Asks: 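Supplied in structure tokens, the structure appears directly below.
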Amino acid sequence: MTRAVDTRTPEVRPARRRRSQELRLGPGPAVRTVIWVVLGLFFLIPLFSMVEFTLRTAKPGVYNIDRWVAVFSGETTRYDRVYQGLGNSLVLAVVTVAIMLLVLLPTIVLVELRFPKLRRLLEGICLLPIMIPAIVMVVGLAPTYAVVTDVFGSGAWTLAFAYGITVLPYAYRAIQSNVAAVDMITLSEAARSLGAPWWTVFWRVLVPDLRRGILAAAALSVAVVLGEFTIASLLSRVNLQTSLLLVSQSDPFVAVIFALLALVFAFVLLVVVDRLVSVRRRRTAKG
């Protein structure tokens with residue numbers, strides 16, 4: 001019988017071992033577990049406290065689900081204003097996402113393909129709203145909304161014009177990170193060389209590759225719209241947060257219930273977007 005002989009020199013094996021050790025960057029399994037536990041407690045303890053608050057009764061230590069049943073049964077009209085605010089916020093979310101995609105997505109693509117020198121300028125403009133306090137933004141928007149009210153009326157959906165500005169930083173970052181991972185110039189030039197018009201290049205070639213960023217931008221925009229209060233309050237519009245403030249003055253338990261439902265909805269939306277992106281990625285890898 002012959003025995004395999006390791007022909008590698010002693011100097012090579014320690015060098016490879018050292019390289020493998022150097023590549024193991026980041027915390028170890030124990031540290032990662034501690035980080036996840038701390039982050040989980042940081043987010044879950046307030047949520048559990050909110051749930052416990054909604055289940056309290058007049059007797060200490062006694063809990064029931066009567067308030068949750070009343071909210072979902074729809075037998076009382078006390079929460080009609082909350083339902084109205086929720087409906088307005090959902091409409092606002094849809095209109096805001098539509099405005100954001102119609103304005104921001106073509107602009108990013110155009111700058112990336114034709115005017116790359118303007119990329120920094122576009123980034124600065126899109127990130128500017130996050131540095132301006134909401135109350136300062138409302139002061140500037142108030143004269144504009146006087147004109148908006150005359151043209152479009154005073155419906156709550158008109159807040160989408162202001163929310164389209166508010167969600168710009170989050171939507172831009174989500175889409176731009178996807179744009180940086182796609183060679184848009186090569187894809188567009190290849191499609192154009194095959195005779196595709198610009199609309200086909202944009203809709204059939206570029207948008208499918210940017211679907212991950214578009215879904216993330218839409219989910220972040222919806223979350224921002226559902227949690228916005230200052231602009232709606234100062235412009236005297238009814239959305240979910242302003243209606244929760246009014247209801248909390250008479251029934252704080254129900255206000256907390258609806259706040260929890262809004263958080264759960266935003267979380268589920270982000271999970272669904274992540275699953276859609278993961279399924280799309282696996283199909284692309286298999287194809």
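Computed from a prediction, not measured in an experiment: that's the story for all the values here. Basis for what follows: all heavy atoms, side chains included, without hydrogens, waters or symmetry-related copies.
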Asks: Of all heavy-atom pairs between R211 and N178, which one has the smallest distance, and what is that distance?
Replies: N-OD1, 4.0 Å
Asks: How long is the gap from CH2 on W157 to CG on N88, to the nearest 0.5 Å?
Replies: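 So the gap between those two atoms works out to 12.5 Å.
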Asks: Short question: side chain of R67, backbone of T54 - any donor-acceptor pair under 3.5 Å?
Replies: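 The answer is yes, because a donor-acceptor pair under 3.5 Å joins these two groups.
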Asks: Could you check whether any side-chain N or O of T33 sits under 3.5 Å from a backbone N or O of P29, counting only pairs where one atom can act as donor and the other as acceptor?
Replies: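 Present.
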Asks: Counting only N and O atoms by type, is there a donor-acceptor contact under 3.5 Å from the side chain of S248 to the main-chain atoms of L245?
Replies: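 Pair found, side chain donor or acceptor close to backbone of L245.
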Asks: Report the distance from atom CE of M100 to atom CD1 of I175, rounding to the nearest 0.5 Å.
Replies: 5.5 Å
Asks: Taking the ring centre of each residue, are F53 and F48 less than 6.0 Å apart?
Replies: no
Asks: Would you say M50 ends up clustered with L44 if hydrophobic residues are merged whenever their side chains have heavy atoms under 4.5 Å apart, either directly or through other cluster members?
Replies: yes
Asks: If you measure from CD1 on I214 to CG on D209, what distance do you get to the nearest 0.5 Å?
Replies: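 Here the interatomic distance stands at 10.0 Å.
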Asks: If I take atom CD from residue Q84 and atom CG from residue D80, how far apart are they, to the nearest 0.5 angstrom?
Replies: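 Interatomic distance, Q84 CD to D80 CG, rounded to 0.5 Å: 8.5 Å.
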Asks: Is a side-chain donor or acceptor of E228 paired with a backbone partner of T230 at a separation under 3.5 angstrom?
Replies: yes
Asks: Are I185 and I108 linked, directly or through intermediate hydrophobic residues, by side-chain heavy-atom contacts shorter than 4.5 Å (ILVMFWY only)?
Replies: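 Shared cluster, yes.
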Asks: Within the 4.5 Å heavy-atom criterion, are W68 and L260 side-chain neighbours or not?
Replies: yes
Asks: Could you check whether any side-chain N or O of S177 sits under 3.5 Å from a backbone N or O of R173, counting only pairs where one atom can act as donor and the other as acceptor?
Replies: yes
Asks: Looking at R119 and E123, is any side-chain nitrogen of the basic one under 4.0 Å from a carboxylate oxygen of the acidic one?
Replies: no
Asks: Group every Ile, Leu, Val, Met, Phe, Trp and Tyr by side-chain heavy-atom contacts under 4.5 Å, then state whether F229 and V238 land in the same group.
Replies: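 Shared cluster, no.
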Asks: Could you list the residues that satisfy side chain to side chain contact (heavy atoms under 4.5 Å, CB included) with W198, not counting sequence neighbours?
Replies: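 Scan of W198 (side chain to side chain contact (heavy atoms under 4.5 Å, CB included), adjacent residues dropped) gives L113, R114, S188, R192, V201.
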Asks: Show which side-chain atoms of residues 126-149 pair as donor or acceptor with protein atoms under 3.5 Å away, not counting sequence neighbours.
Replies:
from	atom 1	to	atom 2	distance (Å)
Y145	OH	T158	O	2.5
Y145	OH	A162	N	3.2
T149	OG1	Y145	O	2.7

Asks: To check you understand the geometry: which heavy-atom pair defines the closest contact between T242 and A232, and what is its length?
Replies: CG2-CB, 3.9 Å
Asks: Using atom types as modelled and distance alone, determine if a side-chain donor or acceptor of S89 lies under 3.5 Å from a backbone N or O of L240.
Replies: yes
Asks: Would a hydrophobic clustering, with Ile, Leu, Val, Met, Phe, Trp and Tyr connected at side-chain separations under 4.5 Å, put Y170 with V103?
Replies: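 Yes, Y170 connects to V103 through the hydrophobic network.
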Asks: L101 and V225: same hydrophobic cluster, using ILVMFWY side-chain contacts below 4.5 Å?
Replies: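 Yes; V225 is reachable from L101 via cluster members.
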Asks: Report the distance from atom CG of N239 to atom CD1 of I231, rounding to the nearest 0.5 Å.
Replies: 10.0 Å
Asks: With under 30° as parallel and over 60° as perpendicular, where do the rings of W199 and F202 fit, or are they tilted in between?
Replies: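 Rings of W199 and F202: tilted, as their planes differ by 30° to 60°.
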Asks: Evaluate F161 against I99 for side chain to side chain contact (heavy atoms under 4.5 Å, CB included), listing each step before the verdict.
Replies: CA-CA 8 Å; F161 300 119; I99 293 175; 3.9 Å; yes
Asks: Minimum heavy-atom separation for V95 and A160, please, with both atom names.
Replies: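 That closest heavy-atom pairing would be CG1-CB, 3.4 Å.
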Asks: So, the side chain of Q241 versus the backbone of L226: is there a donor-acceptor pair under 3.5 Å, distance only?
Replies: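 Such a contact is found between Q241 side chain and L226 backbone.
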Asks: Could you report the tightest heavy-atom contact between A255 and V247, atom names first, then the distance?
Replies: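 In this case the closest contact between A255 and V247 is N-CG1, 4.5 Å.
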Asks: Looking only at non-hydrogen atoms, find the nearest pair between L244 and V82 and report the distance.
Replies: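 Looking at all heavy atoms of both residues, the shortest contact is CD2-CG1, 4.1 Å.
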Asks: For residues L263 and L47, determine if any side-chain heavy atom of one lies less than 4.5 Å from a side-chain heavy atom of the other.
Replies: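 Yes, close enough: below the 4.5 Å cut-off.
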Asks: Could you walk me through whether Y83 and F258 pass ring pair (Phe, Tyr, Trp, His ring centres under 6.0 Å), step by step?
Replies: CA-CA 10 Å; Y83 295 129; F258 278 98; 5.7 Å; yes
Asks: Specify the closest pair of heavy atoms between L210 and L105, including all atoms of both residues, with the distance to one decimal.
Replies: CD1-CD1, 4.2 Å
Asks: Hey, does I125 have a side-chain heavy atom less than 4.5 Å from the side chain of Y172?
Replies: no
Asks: To the nearest 0.5 Å, what is the distance between OG1 (T200) and CG (L206)?
Replies: 11.0 Å
Asks: Could you walk me through whether L55 and V51 satisfy the side chain to side chain contact (heavy atoms under 4.5 Å, CB included) test, starting with their C-alpha distance in whole Å, then the side-chain angles of each, then the deciding distance to 0.1 Å, before giving a yes or no?
Replies: CA-CA 7 Å; L55 299 176; V51 173; 4.1 Å; yes
Asks: When you look at L168 and L104, which way does the side chain to side chain contact (heavy atoms under 4.5 Å, CB included) test go after all the steps?
Replies: CA-CA 8 Å; L168 271 181; L104 183 61; 4.0 Å; yes
